[in-house]
Amino acid sequence: MGIGGTIEYFYDIVKSNISGSKQVQQYQTVDLHCKVDCDGCERKLKKALNSLDGVTNVEINRKQQKISVTGCVEAEEVLKRAKRTGLRVQMWQFVPYNLVSEPYHAKMYDKKAPAGFVRKVIENEAIDEPYLTMFSDENPDSCSIM
């Protein structure tokens, strides 16, 4: 084989890595929200999610209705595989209420959220402008009460 064969071998390895035939996925935890009532549903979800390549751990918390999948996987793949089981599954959209400045704000508070959690609001809400200028001395027409 000699040096020529060794150089070709390394060239093929470098070429396949540069072409990006497969991206390296990061190790992450994907959280899903699903109502799991019985052992059968739990077994079905664990079996489906453990069959994904790269999954190292699947934890199901029935009380919080939360499924945590850990491994080198993408969130979309995990969601698709969980939906294939026939259960109503969605991405986890709650945060602990003590991490939020106003947990009982109308957009955050959700009756269906597990105990101790509120809905995660992505956009940064500011105080509405009309309320700030309602009683302004600069604009005499702004106060409708007087």
Side-chain angles (χ1 to χ4, degrees), residues 1-136 139 142 144-145:
M1 189 163 172
I3 293 181
T6 307
I7 292 174
E8 287 179 20
Y9 173 74
F10 286 121
Y11 175 74
D12 290 338
I13 290 174
V14 171
K15 184 179 175 184
S16 66
N17 287 341
I18 291 175
S19 64
S21 59
K22 189 173 184 180
Q23 286 185 335
V24 177
Q25 297 174 348
Q26 286 187 330
Y27 191 81
Q28 64 178 349
T29 300
V30 179
D31 294 327
L32 303 172
H33 181 250
C34 180
K35 188 173 183 181
V36 181
D37 292 327
C38 64
D39 292 332
C41 296
E42 185 175 344
R43 246 182 281 118
K44 185 192 292 187
L45 273 169
K46 276 192 176 183
K47 183 177 179 183
L49 294 174
N50 277 324
S51 68
L52 276 171
D53 290 335
V55 173
T56 57
N57 189 18
V58 177
E59 293 179 15
I60 298 178
N61 188 338
R62 286 191 196 176
K63 188 173 183 179
Q64 290 184 347
Q65 302 173 357
K66 182 177 183 179
I67 304 166
S68 298
V69 180
T70 307
C72 298
V73 292
E74 292 185 23
E76 295 84 23
E77 291 178 15
V78 173
L79 184 62
K80 282 182 187 178
R81 183 63 61 98
K83 282 186 175 182
R84 270 197 223 166
T85 60
L87 297 171
R88 180 186 249 168
V89 182
Q90 60 186 3
M91 295 302 290
W92 183 258
Q93 54 191 354
F94 304 110
V95 294
Y97 75 94
N98 57 356
L99 296 180
V100 180
S101 61
E102 297 177 22
Y104 298 108
H105 189 267
K107 290 187 178 181
M108 294 178 152
Y109 187 72
D110 188 6
K111 291 180 182 178
K112 295 180 181 178
F117 288 89
V118 293
R119 186 172 299 281
K120 184 183 347 180
V121 178
I122 296 172
E123 59 189 64
N124 189 4
E125 302 260 345
I127 299 173
D128 293 335
E129 185 66 28
Y131 296 121
L132 292 175
T133 60
M134 185 180 285
F135 298 104
S136 175
N139 186 1
S142 66
S144 60
I145 297 174

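We number each residue from 1, following the sequence as shown. Please read these numbers as outputs of a predicted model, since none were measured by experiment.
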Would you give the length of the straight line joining atom CG of Asp31 to atom CD of Gln93, rounded to the nearest 0.5 angstrom?
12.0 Å
Can you tell me how far apart CZ (Arg43) and OG1 (Thr85) are? Round to the nearest 0.5 Å.
13.5 Å
What pair of heavy atoms forms the shortest contact from Val73 to Asp53, and how long is it?
CG1-O, 3.5 Å
Residue pair Lys66 / Leu32, side-chain heavy-atom distance below 4.5 Å:
no
Gap separating the CG atom of Leu49 from the NZ atom of Lys47, nearest 0.5 angstrom:
12.5 Å
Identify the two heavy atoms, one from Gln64 and one from Phe117, that lie closest to each other, and give their separation to 0.1 Å.
NE2-CE1, 3.5 Å
Between Thr56 and Thr70 (side chain of the first, backbone of the second, donor and acceptor by atom type, cut-off under 3.5 Å), is there such a pair?
yes
Aromatic ring pairing Phe94/His33, orientation class (parallel under 30°, perpendicular over 60°, tilted between):
perpendicular
Heavy-atom side-chain contact between Trp92 and Val30 under 4.5 Å:
no
Are Arg84 and Arg81 close enough that some pair of their side-chain heavy atoms sits under 4.5 Å apart?
yes
What's the separation between atom CD1 in Ile67 and atom NZ in Lys46, rounded to the nearest 0.5 Å?
10.5 Å
Of all heavy-atom pairs linking Val89 and Lys83, the shortest is O-CE, 3.2 Å
Is it the case that the side chains of Asn57 and Glu59 hold a donor-acceptor pair, with the cut-off being a distance below 3.5 Å and no angle test?
yes
Heavy-atom closest contact (Cys34 atom, Arg88 atom, distance)
SG-O, 3.6 Å
Using the salt bridge (Lys or Arg N to Asp or Glu O under 4.0 Å) criterion, which residues pair with Arg62? Sequence neighbours excluded.
Asp39, Glu42
State the CG-CG distance between Leu45 and Leu87, to the nearest 0.5 angstrom.
5.0 Å
